[in-house]
There are 2 protein chains.
Amino acid sequence: MKTTIYDVAEKAGVSISTVSKVMNDQQVGKKSKQKVLKVMQELNYRPSVLASALTGKRTSTIGLLLPDLANPFVAEMARRVEDRAHEFGFSLVICSTDLNPEKEERSVSLLRQKSVDGFILASAFNNRRVIADLVDDNVPVLLLSESHPQFAVNSINIDNIVGGYQVASHLVSLGHTRIAVIGEDATSSQQRINGYKQAFQESGLTVHEDLIAISDSSVEHAQRLTKELLNHPKKPTAIIACNDVLAIAAILAAREIGLDIPKDLSITGFDNTLLSKSCDPPLTTVEQGLDKMCAQAVDLLIEEIEGKSTSKQRILVLPQLVIRKSTAFCQD
Amino acid sequence: MKTTIYDVAEKAGVSISTVSKVMNDQQVGKKSKQKVLKVMQELNYRPSVLASALTGKRTSTIGLLLPDLANPFVAEMARRVEDRAHEFGFSLVICSTDLNPEKEERSVSLLRQKSVDGFILASAFNNRRVIADLVDDNVPVLLLSESHPQFAVNSINIDNIVGGYQVASHLVSLGHTRIAVIGEDATSSQQRINGYKQAFQESGLTVHEDLIAISDSSVEHAQRLTKELLNHPKKPTAIIACNDVLAIAAILAAREIGLDIPKDLSITGFDNTLLSKSCDPPLTTVEQGLDKMCAQAVDLLIEEIEGKSTSKQRILVLPQLVIRKSTAFCQD
DNA sequence: ATGAAAGCGCTAACAG
DNA sequence: CTGTTAGCGCTTTCAT
């Protein structure tokens, strides 16, 4: 049998409430405290989080929902969130949603049954009704690298518009005018695309909507889309990918067609993952201050969970262009 | 207030035990059942997993311990484990341990307090005492891509020795005789190294222990070690990295020294991650049937959790060499 | 087929 | 400072 608070109490010759009090750092006589502590050691006692949570305490567990844990960028985020959460004694239940609204709903519902203390919706979360329910029910929620301005929830984000603007401007300054975009069905991609459009307009260039493609998250689909884009009558000389994984898919596709990068085609990524450094050629991409973002996210959420802060914040972090070898002057 | 079993019972005009019975698919009169089901809908009732677990039922949660979620290969595993677990209605609490025995212990201890139903120790887990405790206390444990033969636990693994043997043989067949190895402090690396030694012995080559380096998991350290290896008097013409991340670190380091890969130096990876396809040059590496491994792992663990199977298995999966562009004939 | 009641391990008044 | 007791929400005998 697992050892319970009763076992400890009995062996220490005190009542269970005394034991409970030493666990919760409440006023207890020195002698009793020593004794209890000692017995807890001896019995290798581990208080049940279940039982204590049932009485209204926290489970010290956060639900982390993200599109796909297998995506290296997402995994990097998860790891950083995890580290910070651990510092506060919280653990993470992680669910990949594949951007699928039903999965999103199921996961949240399941985690609520398991009484997680709060949620971090990271990178992209589509099902707004689910967010609305969470907000209605006063469940702490934080949006990380995702934004839904209609909800009054804590959120922390890079300025994707600026990021999209930065890559587009960079390409334009290299002489490119026919620039395709490949993104995902997510707010962040949408915003990056908006930044791109802004840059185009400022430079007096026309945006061609049919040079903008939206991929599901599979590498295969992205490659197919890339090939289609490259076969477009207004053959683009550059492709902006809305994340590094897409960029790499684009590189592979372009190479299959026999294109040299960056000579024949410039490609940019987004996120500055490990991938972008090690691929061939190394990617021009956009760096976000992931580390701080994730740490802040956890801090904010835990503050809300512990009721230490009642006001919500929306934090915007500015991104930074990292120029590597995948972009070059337009040869056209 | 959250709606409880009492609310449902009251509104349905039955007792809580009847409600409980319909939730657990026990014998209940048709009429009552219909009524209860309807009320549950109306009230949007979600039974508390905490409460039910407190009475001895499962939490339907698995603890997944791994060295580093930010490692793409590990993340890929996690994702596959997650998918399979979800199929059974289980969720995953994920903890990165950084191969640090104290973290390993803390994480396991924390998760036990949270009453996870079982553990998957994936990729590498060093603290044997922790495993021993788990086994002693009859907590379901499964070793995935890691082995500790001294424990009678379910495990599923690729045959690392064969994998190491395969890359080494490949390099030997290309004429290399001075082959360095860079691994991590993990069983899998150790076994891969053993395979390498075996291949050497069979070819009548001598193994030089000082050409074998063990890196902590940081990219920086791996790079430093690579440079040291390359400065060795018996300058190696090939490097076997025990995983793709290490291989990429080695590539970067070699390139800094001005070496061309694979002309001056052949490098092999291990795991066949996305990284290995997209890096420059694409890596010769070893593929494991990750998908099936992870699914089987979950199946096995859940069987044990549900007490459906009492016997333990040790499954070995055979790896497969994938030859790409990072290896070439020895020029020496 | 249904309900009353005990109990899972812990917390939180409330008394003493 | 310490112990008694009543729950938290659910499962499970055991009666009815």
With sequence neighbours left out, what residues match [X] under side chain to side chain contact (heavy atoms under 4.5 Å, CB included)?
X: A/Lys312; value: A/Asn154, A/Glu304
X: A/Glu42; value: A/Lys11, A/Lys38
X: B/Ile16; value: B/Ile5, B/Tyr6, B/Ala9

Tell me, please, which residues at least two apart from [X] pass side-chain hydrogen bond (donor to acceptor under 3.5 Å, both in side chains).
X: A/Ser147; answer: A/Gln191
X: A/Lys33; answer: none
X: B/Ser52; answer: none
X: B/Asp117; answer: B/Thr59

_Does anything in residues 122-131 of chain A form a salt bridge (Lys or Arg N to Asp or Glu O under 4.0 Å)? List the pairs, not counting sequence neighbours._
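Sorted pair list: A/Glu105-A/Arg129.
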*asked:* Return a single string for nucleotides 10-16 of chain D, one symbol per nucleotide in 5' to 3' order, where B is base contact, S is sugar-phosphate-only contact and - is none, cutoff 4.0 angstrom on heavy atoms.
replied: BBB----
Roughly how many Å is it from [atom1] in [X] to [atom2] in [N], rounded to a whole number?
X: B/Met40; N: D/dG9; atom1: CE; atom2: P; result: 17 Å
X: B/Leu54; N: C/dC8; atom1: CG; atom2: C1'; result: 4 Å
X: B/Lys2; N: D/dG9; atom1: NZ; atom2: P; result: 9 Å
X: A/Asp7; N: C/dC8; atom1: CG; atom2: P; result: 11 Å

*Rounded to 10°, tell me the angle between the two end axes of the helix from C/dA1-D/dT16 to C/dG16-D/dC1, each built from five pairs.*
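Helix axis angle between the two ends: 40°.
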*Hey, does the side chain of A/Thr18 come within less than 4.0 Å of D/dG3's phosphate (OP1/OP2), counting only N and O?*
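Yes, within the criterion.
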*Donor on one side chain, acceptor on other, A/Glu184 and A/Ser189, under 3.5 Å*: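 A/Glu184 vs A/Ser189: no donor-acceptor pair found between side chains.
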Which pairs would a plain distance check flag for residues 133-145 of chain B, meaning a side-chain donor or acceptor within less than 3.5 Å of a matching protein atom at least two apart in sequence or in another chain?
| unit_1 | atom_1 | unit_2 | atom_2 | d |
| --- | --- | --- | --- | --- |
| B/Asp137 | OD2 | B/Arg112 | NH1 | 3.1 |
| B/Asp137 | OD2 | B/Arg112 | NH2 | 2.8 |

_Is there a side-chain contact between A/Ile302 and A/Ile62 in this structure, where contact means two heavy atoms from C-beta onward sitting under 4.5 Å apart?_
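Yes. Closest side-chain heavy atoms under 4.5 Å.
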_Stretch residues 29-38 of chain A: residues that reach within less than 4.0 Å of DNA chain D through a heavy atom_ =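 Close to the strand are A/Gly29, A/Ser32.
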